[in-house]
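Note that ligands are numbered from 1 as they come in the structure, with each ligand's atoms numbered from 1 the same way.
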Amino acid sequence: MVLLGAPGSGKGTQAKRLCQELGLTLISTGDLLREAVRNNTPLGVKAKGFMDAGKLVPDELVIGLIREKVSGLSGGFLIDGFPRNLEQARMLDEIADINLAVNLDVDEQIIVDRIVNRRSCKQCNEVYHLIAKPTREEGMCDKCGGELYQRTDDTEAVVRERLRVYKERTLPLAEFYCQRGILVDVDGQGEIDDVYGRILAAIKKFKN
Ligand code: AMP
């Protein structure tokens, strides 16, 4: 299964929960790239400029990362943030049988609000929203006590560019999976639990 949707559509939040409840390994390309940037690895050094500008990191870097992660896995997995363009979707076909693509649909203004108010934990990557999902103690992760920060690409100017890139490069994937008859559009607005329920319903419907 792949999860599609604009930045801020809730893919990461929903992917985490799906993995916990369905016993899948979560691979988040965004988290892996941010970790590489933090650790100043050769990959991180190459990726940073693209990420800060809201652009996609070159395919060869991301595909290398996915191949490395997936090759060490034995059970099922869910990748958050991948594929982001047609080349990546074709590469994914080489290593996995994709039989469902869930597309999270969220209004653009809601996306901008979600992203500029988003704060992430430096340690465990848990995500909060300053108003809709605040932490109990300001600036501190409820789950692990880690320090919260605002991603450098979560500013309004960068979000607009990320949305432009999304429409140009990632949105065509909906058509790609639709032509195969495996695309399901899910309303990604409202409470996290409700969106999760809609995704589960889509999975069940497809299994039958
Ligand atoms: P995300 O956390 O998924 O919003 O990703 C943050 C940033 O990481 C993106 O804006 C891209 O710069 C980069 N990135 C994440 N996944 C990919 C991917 N599959 N292909 C290219 N760049 C990616």
Side-chain angles (χ1 to χ4, degrees), residues 1-16 18-19 26-70 77-96 98 101-104 106 108 110-129 148-174 176-177 188:
M1 167 183 160
V2 296
L3 258 183
L4 302 174
S9 59
K11 295 186 302 296
T13 302
Q14 299 296 338
K16 255 182 222 155
L18 283 166
C19 286
L26 175 62
I27 301 172
S28 159
T29 47
D31 284 347
L32 289 171
L33 289 167
R34 279 184 287 281
E35 192 185 316
V37 170
R38 260 200 303 275
N39 295 332
N40 238 346
T41 65
L43 169 67
V45 170
K46 286 184 199 147
K48 186 175 179 349
F50 295 100
M51 295 171 77
D52 285 347
K55 311 276 186 207
L56 293 185
V57 171
D59 285 343
E60 63 272 19
L61 300 181
V62 181
I63 288 174
L65 194 63
I66 292 290
R67 280 196 195 281
E68 185 192 313
K69 285 283 157 193
V70 170
F77 60 90
L78 200 160
I79 317 180
D80 165 30
F82 187 95
R84 281 274 228 290
N85 59 32
L86 286 168
E87 294 72 24
Q88 295 181 7
R90 291 191 189 110
M91 178 265 162
L92 189 58
D93 279 339
E94 290 170 19
I95 59 163
I98 303 300
V102 170
N103 185 39
L104 286 180
V106 179
E108 190 161 321
I110 294 180
I111 283 183
V112 175
D113 168 84
R114 280 186 185 176
I115 294 189
V116 297
N117 286 297
R118 175 157 70 181
R119 296 295 180 272
S120 312
C121 174
K122 273 188 182 169
Q123 256 169 233
C124 72
N125 298 315
E126 183 66 15
V127 172
Y128 297 90
H129 182 281
L148 297 193
Y149 77 111
Q150 180 175 31
R151 283 169 42 176
T152 47
D153 59 349
D154 273 355
T155 58
E156 182 154 358
V158 182
V159 170
R160 298 275 175 207
E161 175 61 9
R162 286 164 66 198
L163 285 169
R164 191 193 65 74
V165 170
Y166 163 75
K167 284 180 201 155
E168 187 184 296
R169 310 289 306 281
T170 312
L171 201 54
L173 289 181
F176 176 81
Y177 289 114

Margin query: Looking at Glu35 and Arg38, is there a salt bridge between them, counting it only when a charged N and a carboxylate O are closer than 4.0 Å?
Written below: no
Margin query: Between the side chains of Asp153 and Lys55, is the shortest nitrogen-to-carboxylate-oxygen separation below 4.0 Å, so that they form an ion pair?
Written below: no
Margin query: Measuring from non-hydrogen atoms of Lys11 to any atom of ligand 1, is the shortest distance under 4.0 Å?
Written below: no
Next item on the list: For ligand 1, indicate whether the residue Asp153 contacts it via side chain, backbone, both or neither (heavy-atom separation under 4.0 Å).
Entry: side chain
Check: Backbone or side chain, does any N or O of Arg84 fall under 3.5 Å from an N or O of ligand 1?
Finding: yes
Next item on the list: Specify the protein heavy atom at minimum distance from atom 20 (N) of ligand 1: its residue, its atom name, and the distance to 0.1 Å.
Entry: Gln88 NE2, 2.9 Å
Notebook entry, point to check: Do Arg34 and Asp31 sit within salt-bridge range, that is, some charged N less than 4.0 Å from a carboxylate O?
Noted result: yes
Next item on the list: Would you mind telling me if ligand 1 is within reach of the side chain of Val57, the backbone, both or neither, using heavy atoms under 4.0 Å?
Entry: both
Note to self: Applying a heavy-atom cut-off of 4.0 Å, say which part of Val62 lies close to ligand 1: side chain, backbone, both or neither.
What the structure shows: side chain
Next item on the list: Would you check if the side chain of Lys11 reaches a backbone N or O of Gly5 as a donor-acceptor pair within less than 3.5 Å?
Entry: yes
Check: Which heavy atom of the protein is the closest neighbour of atom 14 (N) of ligand 1, given with residue, atom name and distance?
Finding: Leu33 CD1, 3.5 Å
Check: Polar-atom distance check: Gly81 versus ligand 1, any N or O pair below 3.5 Å?
Finding: yes
Notebook entry, point to check: Is Lys46 salt-bridged to Glu60, going by a charged N under 4.0 Å from an acidic O?
Noted result: no
Notebook entry, point to check: In terms of residue, atom name and distance, what is the protein heavy atom nearest to atom 8 (O) of ligand 1?
Noted result: Met51 CE, 3.5 Å
Next item on the list: Could you name the option among Arg162, Lys55, Arg169 that has the heavy atom nearest to atom 11 (C) of ligand 1?
Entry: Lys55
Check: Ion pair present between Arg160 and Glu156, side-chain N to carboxylate O less than 4.0 angstrom?
Finding: yes
Notebook entry, point to check: Do other residues, nucleotides or ligands put more than 12 heavy atoms under 6.0 Å from Lys69 NZ?
Noted result: no
Next item on the list: Note the single closest protein heavy atom to atom 16 (N) of ligand 1, along with its residue, its atom name and the distance in Å.
Entry: Thr29 OG1, 2.8 Å
Item checked: Which of the ligand 1 atoms, numbered from 1, are nearer than 4.0 Å to a heavy atom of Phe82 -> 19 (N)
Check: Would a distance-only check, ignoring hydrogens and angles, find a side-chain to backbone donor-acceptor pair under 3.5 Å from Thr152 to Asp52?
Finding: no
